[in-house]
Amino acid sequence: MKARLEASGLRVVRGGKVILRDVDVAANEGEVLGILGPSGAGKSTLFRALVGESPPDAGTVRLGGEDVTRWPLWRRARQGIGYIPQSPSVLWDLTVRQNLITFHRVVHQSDGKPEERAAQVGLAERLDVRAGELSAGERRRLEFARAITREPLVLVCDEPFSGIDPVGAARLGELLRDLAGRGTAVLLADHHVEEALRVCSRAILLLDGAVAVTAVPGEFEKHPLVRGRYLGTLHPSS
């Protein structure tokens, strides 16, 4: 499979603490890659390094084979990286339509197709509602629609199922699989492990800032390290 986004030897140090320890990751064309692990494992730090929000202290990031390690977020976005950050990032005072148009103008220098994207995520009837009046799940869906205003080469999703009800999460999972089926490389991190593994074609366990396990979902769940250091912390009584 062709790697769309690659990271090699990523190292991040913050306040004297090593957050990422020489991490190697490759997200391939047409796959959904899950980056899973307990809180504090370094998942969000890894994603920020991949999309250009916060550069690493060492290592290389390549997009389509080109070194983009020192490129800012906006430049990587124009080259095809979509990003759904963990923290809310909608423009609260603008409508759904205005949010989509504004983002598309900044990144792609055109208005795009706000009606089409809103319909994809179930917001067709909310186009003229201010983002600040949306529910948490609706705002998450708006962020997803914004990230795919022009079908990205790579989509990086940090906690995409956060605040979304089970029906909405299933719909979002279908959209992610559909994107991958059309060639997009999707990376996601989420504490909704069952939903994440249902969507993923491959999963990585990140522990203490390092890659500990890489496997397909069925094997991932059965791995002793995954069960002992990760799933066991989510379900301590099991």
Side-chain angles (χ1 to χ4, degrees), residues 1 3-14 17-51 56 59 61 83-87 140 144 154-166 168-181 184-238:
M1 297 178 71
R4 280 282 176 82
L5 184 65
E6 300 173 89
S8 56
L10 286 192
R11 187 174 181 82
V12 173
V13 181
R14 295 288 181 267
K17 180 181 179 181
V18 179
I19 308 299
L20 293 182
R21 305 171 185 275
D22 304 318
V23 171
D24 295 340
V25 171
N28 299 315
E29 177 181 341
E31 80 166 341
V32 181
L33 175 62
I35 308 294
L36 304 176
S39 297
K43 303 183 296 296
S44 294
T45 299
L46 172 60
F47 281 1
R48 287 194 290 269
L50 291 175
V51 303
V61 179
Y83 179 40
I84 302 175
Q86 184 177 23
S87 301
R140 207 60 174 150
F144 182 81
V154 180
L155 179 62
V156 179
C157 311
D158 197 352
E159 300 285 344
F161 303 118
S162 176
I164 299 182
D165 62 83
R171 180 173 186 169
L172 180 54
E174 290 175 7
L175 285 170
L176 291 173
R177 285 191 294 268
D178 184 56
L179 270 177
T184 297
V186 178
L187 295 92
L188 69 86
D190 207 287
H191 289 297
H192 294 76
V193 181
E194 291 183 4
E195 192 63 49
L197 290 177
R198 191 175 297 122
V199 174
C200 293
S201 44
R202 192 162 55 98
I204 286 175
L205 176 66
L206 203 63
L207 285 178
D208 303 320
V211 174
V213 175
T214 302
V216 297
E219 296 175 0
F220 182 86
E221 289 181 282
K222 297 175 183 177
H223 195 285
L225 199 56
V226 173
R227 296 181 68 84
R229 291 286 309 276
Y230 179 41
L231 296 182
T233 66
L234 297 175
H235 307 290
S237 61
S238 62

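Reckoned from all heavy atoms, side chains included, excluding hydrogens, waters and symmetry mates.
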**Request:** Go through the steps for L36 and L197 under the test side chain to side chain contact (heavy atoms under 4.5 Å, CB included), then give the verdict.
**Result:** CA-CA 9 Å; L36 304 176; L197 290 177; 3.7 Å; yes

**Message:** I'd like to know if K222 pairs up with E219 as an ion pair, taking the criterion as any Lys NZ or Arg NE/NH1/NH2 lying under 4.0 Å from an Asp or Glu carboxylate oxygen.
**Reply:**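 Salt bridge between K222 and E219, a charged N being under 4.0 Å from a carboxylate O: no.
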
For the atom pair [atom1] ([X]) and [atom2] ([Y]), what is the distance rounded to the nearest 0.5 Å?
X    : Y    : atom1 : atom2 : value
I35  : F47  : CD1   : CZ    : 5.5 Å
L231 : H223 : CG    : NE2   : 12.0 Å
L172 : F144 : CG    : CZ    : 5.0 Å
F161 : R140 : CZ    : CZ    : 10.5 Å
L176 : C200 : CG    : SG    : 9.0 Å
N28  : R202 : CG    : CZ    : 5.5 Å

**Prompt:** Should V199 and D190 be marked as a side chain to side chain contact (heavy atoms under 4.5 Å, CB included) after you check the CA-CA gap, both sets of side-chain angles, and the distance that decides it?
**Reply:** CA-CA 11 Å; V199 174; D190 207 287; over 6 Å; no

**Item:** side chain to side chain contact (heavy atoms under 4.5 Å, CB included), paired with V32, selected from L179, L188, T184
**Value:**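 Of the listed residues L179, L188, T184, the side chain to side chain contact (heavy atoms under 4.5 Å, CB included) partner of V32 is L188.
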
**L187, V51, V186, L50 screened by side chain to side chain contact (heavy atoms under 4.5 Å, CB included) with V154, the one that passes** =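 So, applying the side chain to side chain contact (heavy atoms under 4.5 Å, CB included) to V154 and each of L187, V51, V186, L50, only L187 qualifies.
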
**Message:** With side chain to side chain contact (heavy atoms under 4.5 Å, CB included) as the criterion, how do V211 and L206 come out once you've worked through the C-alpha distance, each side chain's angles and the decisive distance to 0.1 Å?
**Reply:** CA-CA 5 Å; V211 174; L206 203 63; 4.1 Å; yes

Measure across [X] and [Y] and return the closest heavy-atom pair with its distance rounded to 0.1 Å.
X    : Y    : result
A189 : P160 : O-CD, 3.4 Å
L207 : A212 : CD1-CB, 3.9 Å
A3   : A26  : CB-CB, 4.4 Å
L10  : A49  : CD1-CB, 4.2 Å

**Message:** By the salt bridge (Lys or Arg N to Asp or Glu O under 4.0 Å) test, which pairs, at least two apart or in different chains, include something from residues 154-164?
**Reply:**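 As it turns out, there is no salt bridge (Lys or Arg N to Asp or Glu O under 4.0 Å) pair with a partner in residues 154-164 once direct neighbours are skipped.
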
**Message:** Under the criterion side chain to side chain contact (heavy atoms under 4.5 Å, CB included), I'd like the reasoning laid out for H192 against R198: C-alpha separation, chi angles, the key distance, then a yes or no.
**Reply:** CA-CA 10 Å; H192 294 76; R198 191 175 297 122; over 6 Å; no

**Item:** Short side-chain to backbone donor-acceptor contact, R21 and D208, under 3.5 Å
**Value:**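 The answer is yes, because a donor-acceptor pair under 3.5 Å joins these two groups.
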
**Backbone N/O of G9 and side chain of D24: donor-acceptor pair under 3.5 Å** =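 At least one qualifying donor-acceptor pair exists.
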
**Beyond-backbone contact of L46 with K43, side-chain heavy atoms, under 4.5 angstrom** =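 Not touching, per the 4.5 Å side-chain cut-off.
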
